[in-house]
Number of protein chains: 2
Amino acid sequence: MTAATSGPRLRDVNRVAVLALIGRHGPISRADIARRLGLSPATVTAVTRSLIEAGVIRKVDDGIPQGGRPAELLAVVGRAAHAIGVKVAAGRLTGVRADLDGTLLHTFSAPFDETAVNPFGALSELLAPHVAAVDDAPLLGIGLGVPGFVDSRTGLVEAPLLGWRHMPLRDYLSQLLDVPVLVDNDVNTLAAYEHLYGLGRPYEDFLTITLGQGIGAAVVSGGDLRRGGHGAAGELGHLPIDPAGPPCHCGRRGCLETYVSDGALVQQAREVGAVGPDAGPADLRAAADSGHPGAQEVYRAAGARVGTVAAGLVTVLDPQAVLVSGEGTLAWTHLADGFVTALRAGMFLPLVDAVNVHVDPWDDTKWALGAAALVLRAPFTMNAEPHTDAIRARLAAFPGAEVTQ
Amino acid sequence: MTAATSGPRLRDVNRVAVLALIGRHGPISRADIARRLGLSPATVTAVTRSLIEAGVIRKVDDGIPQGGRPAELLAVVGRAAHAIGVKVAAGRLTGVRADLDGTLLHTFSAPFDETAVNPFGALSELLAPHVAAVDDAPLLGIGLGVPGFVDSRTGLVEAPLLGWRHMPLRDYLSQLLDVPVLVDNDVNTLAAYEHLYGLGRPYEDFLTITLGQGIGAAVVSGGDLRRGGHGAAGELGHLPIDPAGPPCHCGRRGCLETYVSDGALVQQAREVGAVGPDAGPADLRAAADSGHPGAQEVYRAAGARVGTVAAGLVTVLDPQAVLVSGEGTLAWTHLADGFVTALRAGMFLPLVDAVNVHVDPWDDTKWALGAAALVLRAPFTMNAEPHTDAIRARLAAFPGAEVTQ
DNA sequence: CCGCTAAATTCGGCGAGTGAATGAAGGGTC
DNA sequence: GACCCTTCATTCACTCGCCGAATTTAGCGG
């Protein structure tokens with residue numbers, strides 16, 4: 001199916017497919033591209049020539065000869081374009097500038113009052129200098145990751161944690177800064193990063209689970225991010241655990257987050273006397289690091305809880321891998337045992353050895369890089385969403401593209 | 001992405017898209033097709049003409065004039081092709097023959113010994129006469145739904161319930177009967193039916209949950225069936241509920257199935273004295289129908305358990321709808337309250353009013369129809385899996401197609 | 001009868017993709 | 001070093017899908 005919303009851009013479907021293959025599967029020869037995509041060598045030559053002339057890809061190396069003429073390995077030119085990625089959190093923005101190949105160029109951070117009368121105006125002013133900064137490579141656009149959900153059709157943001165309802169963040173910023181803007185759930189942006197540049201590169205079906213202040217998930221299936229019917233997929237933190245459990249900010253009781261969010265863990269540690277009344281997540285980690293059994297047990301139990309939930313997801317979704325990320329992985333040494341044990345114990349048995357688990361060491365800028373990846377992956381996908389076309393057009397406008405005219 | 005395995009058949013991507021649109025969204029005008037797919041009217045005229053000449057679609061009606069020339073509504077010709085669908089269960093086969101538009105032509109059923117030395121030989125002999133039966137429309141192929149999981153690449157079947165491991169059912173049958181054969185998990189086949197002909201027609205993102213001897217699920221996301229990385233997606237029955245729970249035939253303890261399968265419900269009813277020691281599912285239903293509070297409570301609790309699990313899935317996957325089906329829905333009047341209450345109570349709050357719940361009244365032949373739908377949907381999808389190309393080729397060979405040559 | 005509107009068709013042209021032949025660049029063999 | 005073999009890459013003539021613009025068809029209302 002997939003047909004319904006497919007845009008008019010069916011012409012260069014192969015151009016995108018070739019670029020995606022080069023982008024995701026590293027340096028690769030034309031012959032290999034032709035084989036993998038089922039295209040004729042002639043077509044691959046034509047497509048790659050146009051991409052080379054546009055400066056988007058280049059020959060990086062000679063392959064080792066396989067008994068004949070050695071292959072020329074092609075890879076994307078990171079400097080062909082760049083994007084800005086921003087993670088929006090309550091009180092603070094974290095931003096990056098990244099190359100087309102995901103290379104981190106520059107990071108920035110600033111306080112942000114999401115409760116202001118016009119938070120978008122402040123956001124726009126904050127980003128404007130970065131947009132205006134000269135660079136020899138074109139700015140493809142700005143990606144934003146927000147802790148909430150986004151209707152990718154309308155671009156409206158629902159972010160209870162920020163107090164935002166029906167906020168037209170995408171279109172507003174795009175108009176003000178005159179740059180393509182993409183907005184998505186922050187965990188989805190992270191998954192976009194993992195898929196394109198990170199641990200998810202080898203997979204077409206994987207799960208990303210994030211631990212921290214909240215608990216999140218993103219589903220990549222069939223090589224595409226699954227946002228669900230209303231853009232609200234992945235709300236793992238609000239999985240019902242116990243209808244009589246602690247109240248959750250979402251309005252329910254006993255959501256997973258009320259048991260394993262950073263705040264919940266600290267609370268549990270306080271109750272067993274593992275940390276003092278004013279302790280924070282770092283104190284809890286320190287307690288566990290120094291061998292406090294109560295603190296360690298809090299982590300183990302939390303890991304087990306998430307592991308069990310993950311096992312359920314794996315059983316239903318059958319991914320090739322589960323990636324764990326987020327600030328919470330700072331305490332991974334304490335969480336790992338509970339998580340892995342519960343995951344393996346709860347997975348549908350035949351899958352136990354078939355699903356890989358990777359932990360992505362947490363990094364402040366990775367979420368923002370993910371937001372940038374949201375933009376940087378646009379040239380590599382066939383989506384015909386509003387701003388992705390504009391992004392592709394900006395890449396095509398790279399010097400060299402018009403020279404061919 | 002999606003690129004990697006995309007076959008060489010990119011030429012007629014629009015032909016497939018048009019056919020899919022006509023097939024799934026009922027009688028529709030050319031102008032409407034052009035608008036929805038973003039194609040030019042000229043292209044739609046050309047594509048539909050070729051489909052009409054091939055006998056696959058036809059004009060069925062005039063639309064009501066919108067102020068101009070009235071539209072011609074196009075629909076698929078059911079008699080253009082047919083397929084055989086078979087549900088394979090322990091001890092029994094249920095089969096159907098169905099038209100391209102999902103019309104049920106004929107049903108058959110036969111005992112089947114899946115533990116025989118060569119069960120495929122027996123299966124082949126059973127199906128041979130139905131394959132040989134003359135029909136003016138071409139037989140596109142045979143679809144089989146099996147209670148287990150299937151690697152769609154290799155076609156190997158893992159079906160613990162049947163005692164099958166690494167069984168090359170697809171290729172074996174295909175070779176013996178000289179007909180394209182598709183094999184999939186039985187719940188997936190049901191979802192294929194729902195998506196193409198049933199309650200799932202309006203949706204591109206929905207969940208199918210089946211209740212009965214086992215508990216199953218199928219995920220349709222982005223308009224495609226999601227089979228997971230190893231073809232094992234949807235094993236809802238083996239969701240871990242309680243690691244200390246009753247033993248499950250899968251080798252774990254406390255899987256969902258051990259609480260809410262038909263057998264488990266009867267067992268629970270026996271324990272509370274709601275039914276006698278030799279009672280079966282029908283007796284339990286009868287007890288509940290006649291108002292026995294113990295029996296009703298067994299159903300309510302089971303419904304609630306499944307509802308909670310469904311709520312979790314909805315929270316993570318955000319479908320547009322949840323379809324409930326399977327033999328277990330015979331007792332839906334007793335299950336409904338527990339299920340719906342728990343589902344609504346456990347769903348991520350903003351989704352509560354956005355997700356529709358439909359119950360598909362259980363019907364012996366529906367699963368088999370689903371298996372047929374697996375074949376019948378092949379012309380409507382872009383998958384380049386082994387046998388789907390052969391199926392499309394058979395449809396194209398319909399009288400009229402070669403006349404145009 | 002004449003405009004108005006929307007659906008459908010025709011037609012010339014463009015451009016992506018292909019197959020087949022050709023050229024390029026290594027390794028191996030004697 | 002001449003020769004063959006293999007694999008990668010390119011060129012070229014050709015096909016075919018798709019498009020834009022113009023045209024025809026078919027109902028409605030005044």
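Proteins come first, then strands; the chains are lettered A, B, ... in the order of their sequence lines, and each starts at number 1.
Residue B:Ala71 places its side chain closer to C:dA8 than to any other of D:dT11, D:dA9, C:dA8. Out of C:dG19, D:dC19, C:dA7, the shortest distance to the side chain of B:Ala31 is found at C:dA7. Comparing D:dT10, C:dT10, D:dC18 by their closest approach to the side chain of A:Pro41 singles out D:dT10.
At whole-Å resolution of the value, CD in A:Gln66 and P in D:dA9 are 11 Å apart. In this structure, CG of B:Leu73 is placed 8 Å from P of C:dA8, rounded to the nearest angstrom. Taking atom CG of A:Leu74 as the reference point, atom C1' of D:dT10 lies 14 Å away to the nearest angstrom. Separating the CD atom of A:Glu72 from the C1' atom of D:dT10 is a distance of 11 Å, rounded to the nearest angstrom. In this entry the distance linking CG of A:Asp61 with C1' of D:dA9 reads 17 Å, nearest Å. B:Asp32 has its CG atom 14 Å from the C1' atom of C:dA8, to the nearest Å. Following rounding to the nearest Å, B:Leu51 (CG) and D:dG17 (C1') show an atom-to-atom distance of 14 Å. Look at CG on A:Leu37: it is 11 Å from P on C:dG17, rounded to the nearest Å.
For B:Asp99, the side-chain contact (heavy atoms from CB on, under 4.5 Å) test picks out B:Arg79, B:His82, B:Asp101, B:Thr103, B:Leu105, with sequence neighbours left out. A:Arg58 pairs by the side-chain contact (heavy atoms from CB on, under 4.5 Å) definition with A:Val60, A:Val77, not counting sequence neighbours. With sequence neighbours excluded, the residues forming a salt bridge (charged side-chain N to carboxylate O under 4.0 Å, His left out) with B:Asp184 are B:Arg227, listed by chain and number. For A:Asp171, the salt bridge (charged side-chain N to carboxylate O under 4.0 Å, His left out) test picks out no residue, with sequence neighbours left out. For A:His358, the ring pair (Phe, Tyr, Trp, His ring centres under 6.0 Å) test picks out A:Tyr203, with sequence neighbours left out.
At the phosphate of C:dG15, neither OP1 nor OP2 sits under 4.0 Å from any side-chain N or O atom of A:Arg15. In terms of phosphate contacts, A:Thr45 brings a side-chain nitrogen or oxygen within less than 4.0 Å of OP1 or OP2 of D:dT10. OP1 or OP2 of D:dC8 has not a single side-chain nitrogen or oxygen of A:Arg30 nearer than 4.0 Å. Between C:dG17 and A:Ser40, no contact under 4.0 Å exists linking OP1 or OP2 to a side-chain N or O. When the side-chain nitrogen and oxygen atoms of B:Asn14 are compared with OP1 and OP2 of D:dC18, one or more of them lie within a distance under 4.0 Å.
B:His195 and B:Arg24 share a donor-acceptor pair across their side chains, judged by distance under 3.5 Å alone.
A:Arg35 is listed as a side-chain neighbour of A:Asp32, based on a closest heavy-atom distance under 4.5 Å.
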Protein heavy-atom contacts under 4.0 Å, written 5' to 3' over nucleotides 24-30 of chain D as B (base), S (sugar-phosphate only) or - (none), form the string -BBB---

